[in-house]
Amino acid sequence: MGRLITNNLENSGYYDVVKSAFKDFNVDLNEVEHAESDAGLGNGGLGRLSACFLDYAASLSLPLYGNSLRYEKGFFTQEIKNHQQVEHEDHWLDKPFIWETKKEDEALHVPFYGFVEDTVLKNPTWVKAVPYDVKVVGDQNGVVTTLRLWGTEPSERQKNQDDAYLKMVDTIDDQLYPDDSTFAGKELRLQQQYLFSATGVMHALREHKSLGRDIKDLAKYYTFQINDTHPTLVIPELMRLLMDEEGLRYDDAWKITTETCAFTNHTILAEALEKWNVDFFKTVLPRIYEIVLEINRRFTKALRAKKMFSDVEIKQMSIIGDHQIRMAHMCIFGSFSVNGVAALHTEILKNIEMKNFYKMYPQKFNNKTNGITHRRWLIHTNHELVKILDEKIGTSWRQDLTKLEAFDKFKDDEATKQQVLQMKLAKKQALADRIYQLQGIKLDVNSLFDIQVKRLHEYKRQLMNLLHIIYVYQRLKTDKTFKDNYSAHSFIFGAKSAPSYYMAKKIIELISTVSEVINQDEDTNHLLKVVFVENYNVTYAEYIMPAADLSEQISTASKEASGTGNMKFMMNGALTIGTMDGANVEIVEEAGLENEFIFGMSSKEVNELYKNNTYQPRKVFENDPRLQKAFEFMSQLNTDPNYFNDIKDGLLNKDYFFVLKDFDAYVKAHETANEAFKNQSAWLTKSMMNIAHSGYFTSDRTIENYNNDIWHLSKIYK
Ligand code: 8GP
């Protein structure tokens, strides 16, 4: 979520009043902002997307609520020590979090463990879940919506409250799992997932019934939008409550469940797909397990009846297989809608990753391209640009972002370009000041700010970015013509690695080590700087997004489901250097290919190369002296020349994400960008085209799409 104070004040319409009132008391509102912690309740794009959706829900008065855990420790804070990532616990609640209200009287009791006798769960361990409602203020409409965070406490229903029990209760909401895009089947995580799924469903049922409505009408009033597979247990939990508590028959319960649940997939990475070990699942959630067994029995029966699939295919599609429970499969079977988060991603789901499911249920699949809230990522973070836009095209774009298109007609107007340039320089200065203050590195605001901020993952290819920087540095040192031709660049990285992700941590260490060497070289200093910003988070992003000239979106095509940072950069006038992956494809469609720097293999080529298995990275390396020199450079960074060998060997022997394969195309794209930056006026035109055509990427549009196609219309037509 980041911080809420400014966002809530701005949305309420009282920002200026409050600011001047504070000023009367000689208090700077910006200082007050620092009294609030960043609420780090998620890992990366997936969680931040939900935060953007909540802003819309409040601003457009939509009855949409978030449901999660009240983690006592949020996403870890990152320190870079001897170039390595060190993680520190994030005690974010130590600072007062004024937006939450504890709702003691709405507490619920959630059953874990126990055993089942005649479909009845016996002797469970009860955990009390207490909701804390967090206020999210809508855009000048008098509406406040809620993010409901559940904290855990010992339950009065639990007789035996020994130390082990108290520890369990304490641990469930203790901290956020810091893994992004990988799955580790830990017991605690299953407990967490069940807790926030069960409470969400229980709460909705209680509300539904308290309003005197018939339980059979649940689907008319509610949709549970399952945000990736973490809340999959909503499906069997709803079945449990409908059958065990409400006394419905299986078929009736299933009808209600499948008309109430909808699923969003956020990744195709195999290592991220959640699969729980059967034995362990059965122990933690015995009654739920029984229900999953029955769901699976009926699913495989339906598959066989369809006579479309071979036995092998049915095995692959099954919800339980290889002694594991496959959560994505349960979501597809148990939901009336399955969506991807960008057009390309949805096509990959339909035609490759979930091909057979699509064959079985073509009507369920649909696309909902992600979006970002322009209220936070433009209006709040870039007052300079807001002023220009208001002056040129009026203020109605604030409510309807598609109206930004009107800015298009200023793209050749030199006076407007000068204003956009001044805006960019101001935002670059603000970021440069922050970096200087925090890390003592000075940046030249006239240099090209080239920025890659996102989780550290091999598929996102921060390493390719770094290899290119090393190459540039080496050429600056040896090639005078190249040097004379080079526009000064500041390369900025920000990334957190999952604490247990060895390779990602090694790459952080490499980036940080290389940046120190390069920044100290007075020969090249005026042309090349590299910064790894420490502890990248939402507040940092608010400085970074408006300050970029070039946005690095260079994932291996097909791997990045959508990306949302790409949209934030675009909306603030950055050009994209990127692959045809995720929402980059739609960015290009909106802003025009001539206004971005697109390179590299397509997703089709990537998938073909995986299939025919002919890629030999070592060959690419042997034929490219630039790569060889970069590797030599890496050997000189440490007294032990083999220190970064894991990275080098990974590239030479496997290079699963085609870093070496795309390197040449990437260098060429950078050469084009370098030339383009010299023509400031033409660059500003491109920048303005990006701003003018970013309207599609507001989350207002995304949520309208969810609302019309999934939550609302589908119900009316049912
Ligand atoms: C992320 C995608 O990687 C990113 O492309 C997309 O923009 C974002 O979701 C919002 O849709 N996905 C995940 O973080 C993800 O799937 N994480 C869970 C598997 C752990």
Side-chain angles (χ1 to χ4, degrees), residues 40-54 66 68 75 176-186 189-190 192-193 225-232 263-276 326-328 331 338-346 348-349 353-354 367-373 377 452-462 495-498 500-501 504 538 541 545 551-570 576 578-587 603 657 697 699 702-703 705-706:
L41 301 171
N43 264 286
L46 179 61
R48 183 55 236 175
L49 183 75
S50 306
C52 286
F53 287 179
L54 278 177
S68 186
F75 189 33
L176 172 81
Y177 268 96
D179 302 309
D180 181 70
S181 323
T182 45
F183 169 69
K186 299 272 168 53
R189 189 151 184 170
L190 186 63
Q192 292 185 334
Q193 293 192 357
Q225 188 67 44
I226 299 177
N227 196 33
D228 215 79
T229 54
H230 314 140
T232 305
F263 169 52
T264 306
N265 171 280
H266 292 265
T267 185
I268 61 153
L269 294 184
E271 67 267 32
L273 296 181
E274 293 191 301
K275 293 174 191 141
W276 295 99
R326 301 160 177 163
M327 303 305 254
C331 283
V338 176
N339 75 280
V341 289
L344 175 69
H345 171 58
T346 302
I348 293 173
L349 291 180
E353 295 302 316
M354 296 175 175
N367 177 56
K368 297 285 165 283
T369 297
N370 282 342
I372 54 165
T373 165
W377 296 109
Q452 184 173 24
V453 283
K454 47 185 79 250
R455 284 301 289 265
L456 202 311
H457 200 292
E458 286 159 281
Y459 84 82
K460 294 178 189 277
R461 302 201 292 193
Q462 282 96 346
K496 284 179 181 174
S497 156
S500 57
Y501 188 171
V538 173
M545 297 302 170
S551 145
E552 296 269 355
Q553 307 300 336
I554 59 178
S555 52
T556 313
S558 80
K559 296 294 176 192
E560 188 70 271
S562 161
T564 42
N566 47 2
M567 302 168 185
K568 293 166 197 164
F569 280 123
M570 177 198 195
T576 297
T579 48
M580 276 300 211
D581 199 15
N584 296 353
V585 175
E586 288 154 89
I587 286 180
S603 85
F657 295 108
F697 299 105
S699 44
T702 310
I703 291 288
N705 292 164
Y706 274 92

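Just so you know, residue 1 is the first one in the sequence shown, and it goes up from there. Both ligands and their constituent atoms are indexed starting at 1 by order of listing. Computed from a predicted model, the values in this text were never measured in an experiment. Both backbone and side-chain heavy atoms feed into the values below; hydrogens, waters and symmetry mates do not.
Residue pairs that meet the salt bridge (charged side-chain N to carboxylate O under 4.0 Å, His left out) test with at least one member in residues 556-566, sequence neighbours left out, are K460-E560.
Listed by number with element, the atoms of ligand 1 under 4.0 angstrom from any heavy atom of A561 are 5 (O). Residue-ligand proximity, A272 to ligand 1, at heavy-atom distances under 4.0 Å covers atoms 19 (C). In the vicinity of G45, heavy-atom distances shorter than 4.0 Å reach the ligand 1 atoms 8 (C), 10 (C). Near Y459, the atoms of ligand 1 lying under 4.0 angstrom from a non-hydrogen atom of the residue are 3 (O). Close approach to D180 involves these atoms of ligand 1, each under 4.0 Å from a residue heavy atom: 14 (O).
Shortest non-hydrogen contact noted between S500 and D179 is OG-OD1, 4.0 Å. Heavy atoms only, all atoms of each residue included: A583 and A342 are closest at N-CB, 3.9 Å.
Residues that satisfy the side chain to side chain contact (heavy atoms under 4.5 Å, CB included) test with E458, not counting sequence neighbours, are Y501, M503, I507, F657.
At least one N/O-N/O distance between E560 and ligand 1 falls below 3.5 Å. For the pair G563 and ligand 1, the shortest N or O to N or O distance falls below 3.5 Å. For ligand 1, the polar-atom distance check finds no N/O of H230 at less than 3.5 Å from any of the ligand's N/O atoms. When only interatomic distances are considered, the shortest N/O to N/O separation between S562 and ligand 1 falls below 3.5 Å.
Among all protein heavy atoms, the one lying closest to atom 1 (C) of ligand 1 is H266 O, 3.6 Å. Protein heavy atom nearest atom 13 (C) of ligand 1, with residue, atom name and distance: L46 CB, 3.9 Å. For atom 20 (C) of ligand 1, the closest non-hydrogen atom on the protein side is S181 N, 3.5 Å.
Under 4.0 angstrom from ligand 1, there are no non-hydrogen atoms of D179.
The closest side-chain donor-acceptor pair between N227 and S50 falls under 3.5 angstrom. A donor-acceptor pair shorter than 3.5 Å cannot be found between the side chains of T564 and N370. A donor atom on one side chain and an acceptor atom on the other are not found under 3.5 Å apart for H345 and N367.
In this structure, of N566, N370, I372, the residue bringing a heavy atom nearest to atom 10 (C) of ligand 1 is N370.
Side-chain contact between K275 and M327 is absent, with no heavy atoms from C-beta onward closer than 4.5 Å. Side-chain contact check for M567 versus S562: some heavy-atom pair is nearer than 4.5 Å.
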